[in-house]
Protein chains: 2
Amino acid sequence: MPKHVDHEGRRRLIAEAVCRLADERGLEGVTLRDVAARAQVSMGAVQRCFSTKEEMLDFALGHVGERIGERVRARLVRSPAQSAGTALGHAATEISLLREEHRAQARVWLAFVAQAVVSEPLAATLKTNYAALEQTFTRLVAEALEDVADAAGAVTEAGDRAAAEPLDPRREARALLALADGLTTHVLIGHLAPQEAHDVLHAHLGALWERAAH
Amino acid sequence: MPKHVDHEGRRRLIAEAVCRLADERGLEGVTLRDVAARAQVSMGAVQRCFSTKEEMLDFALGHVGERIGERVRARLVRSPAQSAGTALGHAATEISLLREEHRAQARVWLAFVAQAVVSEPLAATLKTNYAALEQTFTRLVAEALEDVADAAGAVTEAGDRAAAEPLDPRREARALLALADGLTTHVLIGHLAPQEAHDVLHAHLGALWERAAH
DNA sequence: CACGTACCGATGCGCTTGCATCGGAACCAT
DNA sequence: ATGGTTCCGATGCAAGCGCATCGGTACGTG
């Protein structure tokens with residue numbers, strides 16, 4: 001058995017080079033040669049790790065998706081003492097990628113989303129990620145709504161609670177996810193300032209609590 | 001004075017060819033040769049209309065933006081008899097590009113948004129369009145909120161009206177716009193069905209009326 | 001210590017891209 | 001008619017692309 005290298009590690013290394021390039025010049029500006037140069041490996045090494053360019057991009061997308069998912073999860077375990085409501089707020093803020101240091105991730109994400117519209121493998125990877133996020137957020141919303149409803153119920157002693165439209169946790173999670181994505185996009189193209197997007201997002205969450213409490 | 005051709009008309013013709021191609025293969029798949037072929041003109045004609053490819057894409061983006069803006073405006077004047085609230089609902093539905101026949105426009109729009117992140121001219125064109133949309137929606141939201149507040153005020157006779165967080169029309173308009181964009185994106189990549197996105201959007205609007213009426 | 005195997009980096013190939021060039025066709029004023 | 005001007009479509013060109021290939025190198029085993 002001759003020489004052995006850490007293939008998986010190299011794949012991740014290359015994936016991050018892809019991300020850095022996609023951040024700077026967009027996905028169109030990502031070429032095998034530039035990726036190799038940025039990852040400090042030769043072009044042959046890139047080709048041995050991924051049999052085709054699309055496979056490389058797909059892996060890079062999965063890599064970014066994992067990082068984002070990890071960040072949300074990390075944020076949740078980092079602030080467990082607080083209420084489910086604030087946890088949801090933190091998760092939503094995290095997923096919006098509004099902070100300057102995550103702007104690059106946001107650009108990469110948007111580039112991949114646009115590409116996924118015309119690339120079936122990318123779309124599949126993307127859908128898996130969104131499905132996981134939706135599940136996480138649905139759970140968070142459900143917990144937060146229960147908390148608020150309980151608190152309100154204790155105060156009004158189970159008073160007038162006949163919502164015209166019942167709050168569906170999954171629907172609210174979907175709204176939150178879509179809103180976060182839309183805000184991220186609008187910040188990226190410069191239509192909104194990060195602070196403005198943050199305000200909109202938290203106003204939406206505030207409205208959600210208000211409705212939950214009646 | 002020798003031969004003269006309708007330059008502006010040809011530019012629009014080419015812009016629509018660009019859109020058809022961007023819909024099918026994404027913006028990366030748009031080449032001068034394919035555009036020329038699709039628009040039934042020679043490559044030289046394309047080059048005479050636009051001095052560079054980026055200028056062509058920028059014009060095409062402006063073209064799409066106009067079409068979308070026009071559709072929203074047309075929808076508004078088509079249903080003037082109804083309340084400001086339903087008008088806002090129609091406009092929001094229209095801007096979400098959820099209907100199958102507008103899916104192509106949505107794909108093109110998303111492709112341009114992604115490209116604008118790394119292209120300053122495209123970003124400028126995009127920002128202009130979003131600014132106009134935000135203004136339109138802010139006005140619609142303000143009118144709708146007034147209507148609802150008046151109606152609620154008449155019933156409760158100016159009763160308990162101390163919103164914890166006052167409804168800012170512009171902020172609500174921004175939320176609506178971002179939500180619509182996010183939902184459109186999620187439909188495009190197949191994460192949500194059009195019907196599901198429609199439900200989320202109208203649930204959001206419903207919540208807005210509920211809050212406005214207290 | 002030497003052998004064979006698995007990896008590496010460089011180079012080549014065919015193709016496509018955006019853009020520049022140019023001879024000829026089409027038009028309007030004279 | 002006719003001349004001059006404007007437009008057109010084909011072709012050329014250099015650069016860059018993804019991918020395939022191949023001799024050399026370094027490693028782990030017998």
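Just so it is clear, the structure is predicted and the values come from calculations on it, not from any experiment.
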For nucleotides 12-18 of chain D, 5' to 3', base contacts (B), sugar-phosphate-only contacts (S) and non-contacts (-) with protein non-hydrogen atoms under 4.0 Å give B----BB
message: What I want to find out is whether A:Arg25 reaches A:Asp34 closely enough, with some N-O distance under 4.0 Å, to be called a salt bridge.
response: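 Looking at A:Asp34 together with A:Arg25, the answer is yes, because their closest N to O distance falls below 4.0 Å.
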Between A:Arg48 and D:dC19, is there a side-chain N or O to OP1/OP2 distance below 4.0 Å?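 The answer is no; no side-chain N or O of A:Arg48 sits under 4.0 Å from OP1 or OP2.
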Write down the distance between [atom1] ([X]) and [atom2] ([N]), rounded to a whole number of angstrom.
{"X": "A:Gln40", "N": "C:dC8", "atom1": "CD", "atom2": "C1'", "result": "16 Å"}
{"X": "B:Gln47", "N": "C:dT17", "atom1": "CD", "atom2": "C1'", "result": "12 Å"}
{"X": "B:Met56", "N": "C:dT17", "atom1": "CE", "atom2": "P", "result": "12 Å"}
{"X": "A:Arg10", "N": "C:dC7", "atom1": "CZ", "atom2": "C1'", "result": "9 Å"}
{"X": "B:Leu57", "N": "C:dT17", "atom1": "CG", "atom2": "C1'", "result": "14 Å"}
{"X": "B:Arg25", "N": "C:dT16", "atom1": "CZ", "atom2": "C1'", "result": "13 Å"}
{"X": "A:Phe50", "N": "C:dC7", "atom1": "CZ", "atom2": "C1'", "result": "17 Å"}

- Query: Relative to the ring of A:His186, is the ring of A:His191 parallel (under 30°), tilted (30 to 60°) or perpendicular (over 60°)?
  - Reply: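 The arrangement is perpendicular - the two ring planes meet at more than 60°.
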Looking at B:Arg67, B:Arg71, B:Arg73, which hits salt bridge (charged side-chain N to carboxylate O under 4.0 Å, His left out) with B:Glu94?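 The salt bridge (charged side-chain N to carboxylate O under 4.0 Å, His left out) with B:Glu94 is passed solely by B:Arg71 among B:Arg67, B:Arg71, B:Arg73.
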Exercise. Of all the nucleotides listed (C:dC8, D:dA20, C:dA20), which has the minimum atom distance to the side chain of A:Ser42?
Worked result: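 Closest of the options to the side chain of A:Ser42: C:dC8.
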Could you go through the salt bridge (charged side-chain N to carboxylate O under 4.0 Å, His left out) check for A:Glu134 and A:Arg139 one step at a time?
-> CA-CA 9 Å; A:Glu134 182 183 304; A:Arg139 192 169 44 80; over 6 Å; no
Review point. Does one side chain, of B:His198 or B:Ser96, offer a donor that lies under 3.5 Å from an acceptor on the other?
Key: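 The criterion, which ignores hydrogens and geometry beyond distance, is not satisfied for B:Ser96 and B:His198.
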Testing the 3.5 Å rule here: is there a donor-acceptor pair between the side chains of B:Glu55 and B:Ser51?
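There is such a pair (donor and acceptor under 3.5 Å, judged by atom type) between the side chains of B:Glu55 and B:Ser51.
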